[in-house]
Amino acid sequence: MAARHEQSDDDRDRPEHAGAEDRAGDPAAAREEPSEQPSPEANGHVDSPVVGAPPPAPAVIVGFPLVADGRLAALIDAMDGRDGLRVVRAPGRVNLIGDHTDYNDGFVLPLAIDRDCLLAWRPRRDERVVVRSLDLGGRVEVAADGSDELGTIEPQWGRFVVGALRALRARGHAGPGMEAAVSSTVPPGSGLSSSSAFAVAFVLAIGGGTGDELDRRELARAALQAEQLATGVPGGLMDQLASLFGAAGDALLVDCRTLDIDPVPLPQGLALLVVHSGLARTLAGSAYAERRAECEVIAARLGIPALRDARTDQVADDPRARHVVSENQRVLDTAAALRAGDVAALGPLLLASHASLRDDFEVSTPELDLLVDLLVEGGALGARLTGAGFGGCVVAIVQRNHADDLAAKTARRYQDATGLEPSAFVVRAVDGAGPVALGAR
Ligand code: GLA
């Protein structure tokens, strides 16, 4: 188990997490999960107030240490100073409940988290886009019109850059050339949408840098298109919406048909603990596409636009559709419980969601199931896999003052049982993507 680290707002200046798998740079990894990718985190640098910095709260880290001041300074350094420099941040997300529902026009309840992608850039005159990644290494140089052949771009995270250029161009935003550097603290391949944070940061920057130039829903669609072009995985829109619409302290109830987004305040006394299984998700890309196709076939057979429209009695004998229909209801019930302060209702809803993803939708793994069991045995109110599944993370609702102990204990027991190296950390709900002020210095 990696070193455990208590984190507070002014204690985040830690070395960048090492050895994180390069999802953007690794084709298999890039396909693993539709929307996971590199990204940095909200930083507490005095000069760079992060839009919507999260409220102070205790946080637990086992592995994946966060980095604060050093990141922005490193980006400025990599860009040879502040002159004309602009910076955006785009957070990753954790999905509290509602998985494999977004592409069925259903409901989801994600939150933007205090792990993010920071992108620093300035215009270039020569219509070239040149990007360096501080975490993943390597440099990408492509044409600003997005005309490079996607399949030939190396390192592969560069395909997200070209995808973003094309997606923005298709929306009338032909950007100039730019010189850029990027750094991320969203653990790649974890189910926390590192790739969406990366793509959102780029569409924000190419689109003008404030997030106000284009409708944010359109920016989300552009980021999704960029990811689909880069990976070929037919992801839904949840991750990009969460990154763009995040609100400090809130989860977001998203209706994936209307794209209505309602903030749902998270309870003060509880914390969201994320535990990474340490499992690579090599099958997630193809299995995800398969699941999505299965859902579409069932909807067509039922003669409805999407499984969102199916009634419980219509899907009683079909496990995939049964998951989608029951999960939509659990999302609505969770949002209602949060609004009513009915904390006792939350755990059973999360556990039922996990069971449905495990048994009906079949996207869990024995390791994720074990983590859920260990967390609940250790005192979590509830826990479930989060994101596409097939590895990555589980999310648990825990008493805030118990999070530290539970993280350490769960990680230890999990490692003893599996030999895998887990990571655990508390996440906080932060505001969505936007510009970062550099300040004067
Ligand atoms: C991935 C996709 C999302 C969503 C989840 C599963 O994260 O990118 O669109 O489908 O899987 O809920």
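When a ligand or atom number is given, it counts from 1 through the structure's own listing order. All values below were derived from every heavy atom in this structure, side-chain atoms included, with hydrogens, water molecules and symmetry-related copies excluded.
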Exercise. With sequence neighbours excluded, what pairs up with H323 under the ring pair (Phe, Tyr, Trp, His ring centres under 6.0 Å) test?
Worked result: F361
Problem set entry | Atoms of ligand 1 close to R93 [distance to a heavy atom under 4.0 angstrom, numbered from 1] | 7 (O)
Exercise. Which of the atoms in ligand 1, numbered in the order shown and given with their element, are less than 4.0 Å from a heavy-atom of Y103?
Worked result: 10 (O)
Exercise. Do H100 and Y288 have ring centres separated by under 6.0 Å?
Worked result: yes
Exercise. Does S356 reach the main-chain N or O of A352 with its side chain, forming a donor-acceptor pair under 3.5 Å?
Worked result: no
Seminar exercise, completed: Here the atoms of ligand 1 under 4.0 Å from any heavy atom belonging to M238 are 4 (C), 5 (C), 12 (O)
Exercise. Counting each atom of ligand 1 from 1 as listed, which ones have a heavy atom of H100 under 4.0 Å away?
Worked result: 6 (C), 12 (O)
Problem set entry | N or O pair under 3.5 Å between D99 and ligand 1 | yes
Exercise. Does D102, backbone or side chain, put an N or O under 3.5 Å from an N or O of ligand 1?
Worked result: yes
Problem set entry | N or O pair under 3.5 Å between Y288 and ligand 1 | yes
Exercise. Just wondering, are more than 12 heavy atoms of other shown residues or ligands nearer than 6.0 Å to CZ in R132?
Worked result: no
Exercise. So does R320 pair up with E362, basic N to acidic O under 4.0 Å?
Worked result: yes
Exercise. If we only count N/O pairs under 3.5 Å, is G236 in contact with ligand 1?
Worked result: yes
For this session: Write out all pairs satisfying side-chain hydrogen bond (donor to acceptor under 3.5 Å, both in side chains) with one or both partners inside residues 243-254, taking only residues at least two apart or from two chains.
Result: none
